[in-house]
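Here the structure is laid out as structure tokens; the discussion comes afterwards.
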Amino acid sequence: MTPERPNVAALMACCAAGWWLAARRPSGARYSAAAVTLGIAAVLGVRWAGSGHPPVFGTFEMDMAETCLLLALALPLDRLAGGRFLRGPLIVAFLTLAHTFLLRTEATPLTISEQSLWIDLHAVLAWCAWVCYFHALFFAFQGGGDDDRATRLLGYGFLAQSAMGFVGAYYGTLLFATAWSWDPVHILGLLSWLLFATALHFRLFFGVTLHRQRYFIVFLVTVFVLSAKLAMFLRPGQSFHVFEMGSLAGGGP
Amino acid sequence: MRRLINTLGSRRLTAYLVLTYAAFLVLLFVWAARIPAAVVGNISRTAPFICAYIAAAIHLVCCLMIFLPATMQRTSLSLPADDPGEPVALPDARAVEAAAWRARLPVRWIEPGKTAVLHRNRWSPLGSIVFHTALLLIPVAVAVSLATRVRGEAWVVESHAFEGTRAEYVSVEPAGGFESRAPRVRLEVLAVDAAFWGDRLFFTDLRALVAAGGAQQWMTLPGPVRIDGARVTLRGFNYTPSVEISGPDGRTVHAGDLNLRLFPPGNEDSFTVPSLPHRIFVRLYPDSSGPQARPINRGMGLAEPLLHVAVTLGKRLAAHGWLRPGEALAFDGHTVAFPRILKGGDIVVHRDWGYPILWMALVLSFAGLIMRVCFPSYRAWVLLTGEGARLVVRADPFATPPRLLYGADPGGRDDP
């Protein structure tokens, strides 16, 4: 068992404790969320030092970085929303960390197609979209005065996802001499972008609050999550979004 | 005409188009998960999809025509006539100025001492117009791309020149007009370097030193070089041997560098030479120390190369065997040897005038989104009546209204 597994299990336990405390003792939930955030940052920092590159390659590192960012933003937002807000981020953090148990944890060097600041930017924008969409969803479930916050976060998420797509298109021309290919990940990404735009239009044109759209947003976030995590389930060669090293043979150096 | 525009730009049509697109994307996704992307691309260019693209473009134009006047209205600083406003605790002009200063909102008096407008990011609503107009540039970029795009793939070998003739390309786009459109890319590959992660087929470095136009430059996968207006990208890596075939009298029948595909290890390729009827099949194991009959490949780097060579004449196997570089295999009175192994790669030569338009479209649309989302507009009119003050607010849904003006929740929102 790699050293990451017990660490991740401990972080998951901390998430579960935080979730339980959120309804009973909110300050305890905040401490739990802060501990998980710092714990993930420490794990990523050690891996960063070991692998020699930022945590942008491999689904394991993507999961960890996204969770870290999600909770890091949840802490200040919890101050605004109050009460049980942290339950949502902690559930998502728990599930994302659980997902890492399906993945290989060995630190992987950057392959040549990943050795570019453009792809780093693409990954960071993906995390930002992930975080903003999830928090928009949590605020949408809160309803009331938090609907404005949900709208703003949905707007920021849409901005980040658009920028991610633009950067990806530019990088695609550098790598493959084409800005777009009918890759399953691209198609799901475009579908989620289109549907998030629809949710924004519902809000802006028809005045439908995000609280009323909350189950639609659950569906949209699911499509977005699938677009980010689907590559590992596809056959080799079906997508060039290869973040997962599970298909590679050999034990590594 | 107005009625037609209203129909084509209606919100109901927006909903139908979004649903249609979503259904199309779901279908394409199902196909993309099963069949190659190129085939899915061909499906996406069939009549139903083309109709949907055209319908979307027309709808977008009509929407812009409908919403431009309303959007301009939303940048106006004129007092809305239909809103009585709500009471607010701002007794006089000085209080209004002080509240505006605290809220960091510029204040403009429409009627001095009576009506003031406080606003922030007034032009923000135009961001939506910029964003959607920029989206209309994408089909223009696609059309320009279809008319001007050239793309050719070729294999190159180190210490060899690539002259850019049609015959040197393995595949070209467009098949018909490539020669008339394509730039003449000439380059010489001076060296190809590759590094792997342990024994895996996993590149941690791949670069080629090329000489073109009197200058030498490194070409990497994410770092293409520009030659004659074209972008040249290094896409793949390859090993290929040089060959030496001698006749029965010991004289050299053929010698030269080949351009075979022997990477990844175990990949088989073949060649013929003009003076012989034989076909020679070759496989390469770049780092093999195993028994000759059963190679054990330890890595991808060129450490101890071992070649498997089979010579056929028609359906007859003339000879086969395992060779190290420099060793010879005899067949039908001749001998074949591979003195050295060269490194090579795949290059893509690419020029497309649609891309500058596409980048312009993406940058403009992004700028429009930033305007709208990050700098939302906020307008507030204060009417001093002598007996109190009333506040009329128009705020973008993305805006956080400055509460200093109210002392209570603001309420009013703009319709887009």
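Here is how names work: the chains are called A, B, and so on, in the same order as the sequence lines, proteins then strands, and each is numbered from 1. As the structure is a computational prediction, the values presented were derived from the model and not from experiment.
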- Task: Answer with side chain, backbone, both or neither: which region of T233(B) has an atom nearer than 4.5 Å to a non-hydrogen atom of chain A?
- Result: side chain

- Message: Please classify the contact between L153(A) and chain B as side chain, backbone, both or neither, with a heavy-atom cut-off of under 4.5 Å.
- Response: neither

- Do the ring planes of W193(A) and F131(B) sit parallel (below 30°), tilted (30 to 60°) or perpendicular (above 60°)? tilted

- Message: Strictly less than 4.5 Å between heavy atoms, which residues of residues 168-181 of chain A line up against chain B? Please order them by number.
- Response: A169(A), Y170(A), Y171(A), T173(A), L174(A), L175(A), F176(A), A177(A), T178(A), A179(A)

- Heavy-atom contact with chain B under 4.5 Å, split by part of S162(A): side chain

- Pick one of side chain, backbone, both or neither for P224(B), based on which atoms fall under 4.5 Å of a heavy atom in chain A. side chain

- Message: What verdict does the side-chain contact (heavy atoms from CB on, under 4.5 Å) test give for Y21(B) and L191(A), after you've listed the backbone C-alpha separation in whole Å, the side-chain angles of each residue and the deciding distance to 0.1 Å?
- Response: CA-CA 8 Å; Y21(B) 265 99; L191(A) 178 63; over 6 Å; no

- T111(A) side chain to F203(B) main-chain N or O, any donor-acceptor pair under 3.5 Å? yes

- So what's closer than 4.5 Å to chain B heavy atoms on H186(A): side chain, backbone, both or neither? neither

- Interchain contact, R149(B) with chain A, by part (heavy-atom threshold 4.5 Å): side chain

- Message: Would you say that more than 12 heavy atoms from the other residues, nucleotides or ligands in this model lie under 6.0 Å from the CH2 of W218(B), or not?
- Response: yes

- With a 4.5 angstrom heavy-atom cut-off, could you sort out which part of I370(B) is near chain A: side chain, backbone, both or neither? both

